J.: 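The structure is given below, and queries will be raised subsequently.
Positions are given from 1, in the same order as the sequence printed here. In this text, all values refer to a predicted model and were calculated from it rather than measured experimentally.
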Amino acid sequence: MEIREYIREHILLFDGGMGTYYSRKTHSIGTGCELASIRQPELIEEIHREYLEAGCRAVKTNTFGANRMAFQGDEELVEKTIRAAWELASRAAADYDAFVFADIGPVSNPSGDVDVLAEYRFVTDLFLEQGARCFLFETNANTDGLKEITAYIREKCPQAYVIVSFAVQADGFSRDGILAADLFTHMQKGGQADALGLNCICGARHMLQLARELEHEGMTLALMPNAGYPTVIENRTFYDGDPQYFAAQMAEMAAAGAKILGGCCGTTPLHMELTAKALAGWGQEIIARPARSQKQRIEESADSLFWNKLKQGEKVFAVELDSPADANVTKFMGGAWELKAAGCDIITIADCPIARARMDSSLLACKIRRELNLDALPHMTCRDRNLNATKALLLGLYAEGIRNVLLITGDPIPTAERDEVKSVYQFNSRKLAAFVTSLGKQALPGSFHLFGALNVNARNFDVQLKLAQEKEEKGMVGFLTQPVLTEAAFENLKRAKAELRGYLLGGVIPVVSARNARFMDSEINGINVDPKITELYEGKDRAESEALAVEISVEIMKRISPYVDGYYLMTPFGRTGLIARILKAFGEE
């Protein structure tokens, strides 16, 4: 029977977790079992047959991680692995009249410079050569290359059947911070997959809840949950979820409209046997429950004065104030009071700059909001938090009335300390922006106003503009620039105004001495100081230097004014009085 006809009349039941079941049978701790198709072919074929004997009518080839990225560029080994895996699965499936799916996992691309589509094409062509007509792209955290590869398969083999499946947590977000509903929507717009689904990470109950919340009317839905959640004992991962409970939840998924079901990590032939029995008799009579629409969003209860002023076209003043390196907040809060009195609209607070621990920027932002009734813009780096910690922090910020956040990748941990302090970097700033934007749709009554950094001092400003445009596509609404202290920075600022949609806050940092100018130019990434400015400070004492700093800063603000929506002033050495003088002098111009 042709697969589309089969799915119209039946629930298509896939096998379970090859990798975890292989580890269980071999008592091994490994990174993958793909090479076992070459080294232990009898065992892999035996596993396929166990699942088929349990009642499964589709098996996945043992090729989840078979690609050149995972095999360190060894094309010959990838080809050999795929041929062996295809032969084993096909031979086992032939005796049960079952379907064989080419199993293709995500292509690792942590640096962002891998041609994901090219790798998908390479692997897909190998499967097509073996005669594959059914494909499963599984455990994806984003849609990179997936729409294109489904179109490629359709062009090469019009009768092919393609499933694209995403791995999301119980709250609906993938590890890249993208909401399941957005992943589905993106694939449905111009995509050519026959079925969309979810697999891995979630246990059956949570995946059922997610499926009921997804809009999947008119779409074939595929669900393949884990056997509950894992336990780690002596560096080994175990799943001990009840197979009977799993099977009951799978029957609920069928009732929720899923036409393709299967198992992922931890699911054994017993899980699938009990699922097959639970599904016995299900067919065309299945009436899918209507999908529940997402909760209607309500209006934001507390917007920010800074944001409203920016929207109305008024020039805003943002001032960066370094958080304390100890627990004494008296000087910081006193400086914030002084800046508010001088006309500052929002205080920006760096998130442990140069990877050195300081008082938490988000907690200080909440304190400023509560005690000063002044908006605060906490910086949030990708360095120190994973997805869960980031989400928890954002929920707390929103509850405290913080509506503006600046997202940056963050300085790396200094090399000598990498064995002591670990970086996280689950996101880059673009992925983090997409995650926070999705969070506003799913878990918040409103949205954050997301800002990013723009380095107008970059040697290759074309790259900076391209990244900024990508950030805008992910939900950022504006940018705070690095200081404009050279002619090149000024010209780049003008380009940014012409080519970006978002608001621009031009960077201004008062130079307080010739020594300070040379230090910033030589040792601070992203800051360039015109030598002519440095020369002006030679031989001047502190009072003379501060007067010059006010004069130069005001002149810079006046010059950049036509090209910015506001000003981003950086406070040197905690000298809030100097910033207050600059704001006053600029206001008097």
Side-chain angles (χ1 to χ4, degrees), residues 304-307 309-310 314-323 331-351 353 361 364-365 368 372 374-379 404 406 408 451-457 478-486 489-490 493 496-497 503-513 516-517 520 524 526-530 533 537 545-589:
S304 79
L305 296 176
F306 160 81
W307 176 249
K309 188 174 179 179
L310 196 58
E314 298 181 50
K315 291 284 198 295
V316 294
F317 297 94
V319 180
E320 182 167 310
L321 190 58
D322 287 339
S323 57
K331 180 180 178 182
F332 177 90
M333 293 302 291
W337 271 112
E338 185 175 18
L339 292 171
K340 179 182 179 181
C344 171
D345 295 296
I346 193 166
I347 300 288
T348 85
I349 313 166
D351 184 7
S361 60
L364 278 176
I368 289 171
L372 276 64
L374 176 64
D375 281 315
L377 179 72
H379 299 196
N404 308 284
L406 187 141
I408 55 176
F451 292 83
L454 180 66
N455 185 4
V456 291
N457 296 301
F479 300 93
L480 280 63
T481 82
Q482 291 284 40
V484 180
L485 290 167
T486 65
F490 176 69
L493 181 70
K497 182 62 176 176
Y503 298 105
L504 280 182
L505 274 63
V508 179
I509 186 167
V511 176
V512 295
S513 69
N516 172 234
M520 289 194 294
I524 299 183
I527 298 182
N528 293 339
V529 182
D530 190 321
I533 293 178
Y537 285 85
S545 293
E546 286 206 355
L548 183 58
V550 173
E551 179 185 341
I552 292 174
S553 297
V554 169
E555 287 302 315
I556 290 172
M557 293 169 72
K558 288 165 58 179
R559 189 181 186 199
I560 67 174
S561 183
Y563 310 103
V564 298
D565 303 286
Y567 310 92
Y568 165 41
L569 291 90
M570 287 150 260
T571 309
F573 309 109
R575 298 187 194 178
T576 51
L578 175 58
I579 299 296
R581 286 177 62 187
I582 293 170
L583 292 175
K584 180 181 179 182
F586 183 72
E588 292 173 350
E589 289 290 328

J.: In Å and rounded to the nearest 0.5 Å, what is the CG to CG distance from Leu339 to Leu372?
T.: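 Answer for the CG-CG pair, Leu339 versus Leu372, is 10.0 Å.
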J.: A side-chain contact here means heavy atoms from C-beta on lying under 4.5 Å apart; do Phe490 and Ile560 qualify?
T.: yes
J.: Do any N or O atoms from the side chain of Thr571 and from the backbone of Glu320 form a donor-acceptor pair under 3.5 angstrom?
T.: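 Checking the backbone N and O of Glu320 against the side chain of Thr571, a donor-acceptor pair under 3.5 Å is found.
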J.: If we count only N and O atoms by modelled type, under 3.5 Å, do the side chains of Thr486 and Asn528 hold a donor and an acceptor together?
T.: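 No pair is found: no donor N or O on one side chain lies under 3.5 Å from an acceptor on the other.
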J.: With the side chain counted from C-beta on, respond yes when Leu578 and Val550 share a heavy-atom pair under 4.5 Å apart, and no when they do not.
T.: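 Yes, at least one pair of side-chain atoms sits under 4.5 Å.
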J.: Of all residues at least two apart in sequence or in a different chain, which pass the side chain to side chain donor-acceptor pair (under 3.5 Å) check with Lys309?
T.: Asp345
J.: May I ask you to decide if His379's main-chain N or O and Ser361's side chain share a donor-acceptor pair within less than 3.5 Å?
T.: yes
J.: Would you compute the distance between atom CZ of Phe306 and atom CG of Asp375 and round it to the nearest 0.5 angstrom?
T.: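 Going from the CZ atom of Phe306 to the CG atom of Asp375 covers 7.5 Å.
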J.: Is there a side-chain contact between Asp351 and Pro378 (heavy atoms, below 4.5 Å)?
T.: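 Sidechains of Pro378 and Asp351: no contact.
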J.: Do Ile579 and Pro572 come within less than 4.5 Å of each other through their side chains, counting heavy atoms only?
T.: yes
J.: Any side-chain to backbone donor/acceptor pair from Lys340 onto Ile347? Under 3.5 Å, distance only.
T.: no
J.: Counting only N and O atoms by type, is there a donor-acceptor contact under 3.5 Å from the side chain of Asn455 to the main-chain atoms of Gln482?
T.: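 Judged by distance alone, no pair lies under 3.5 Å.
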J.: Please enumerate all residues that pass ring pair (Phe, Tyr, Trp, His ring centres under 6.0 Å) together with Tyr503, with sequence neighbours excluded.
T.: Trp307
J.: Hey, does the side chain of Asp565 reach the backbone of Leu504 with a donor-acceptor pair shorter than 3.5 angstrom?
T.: yes
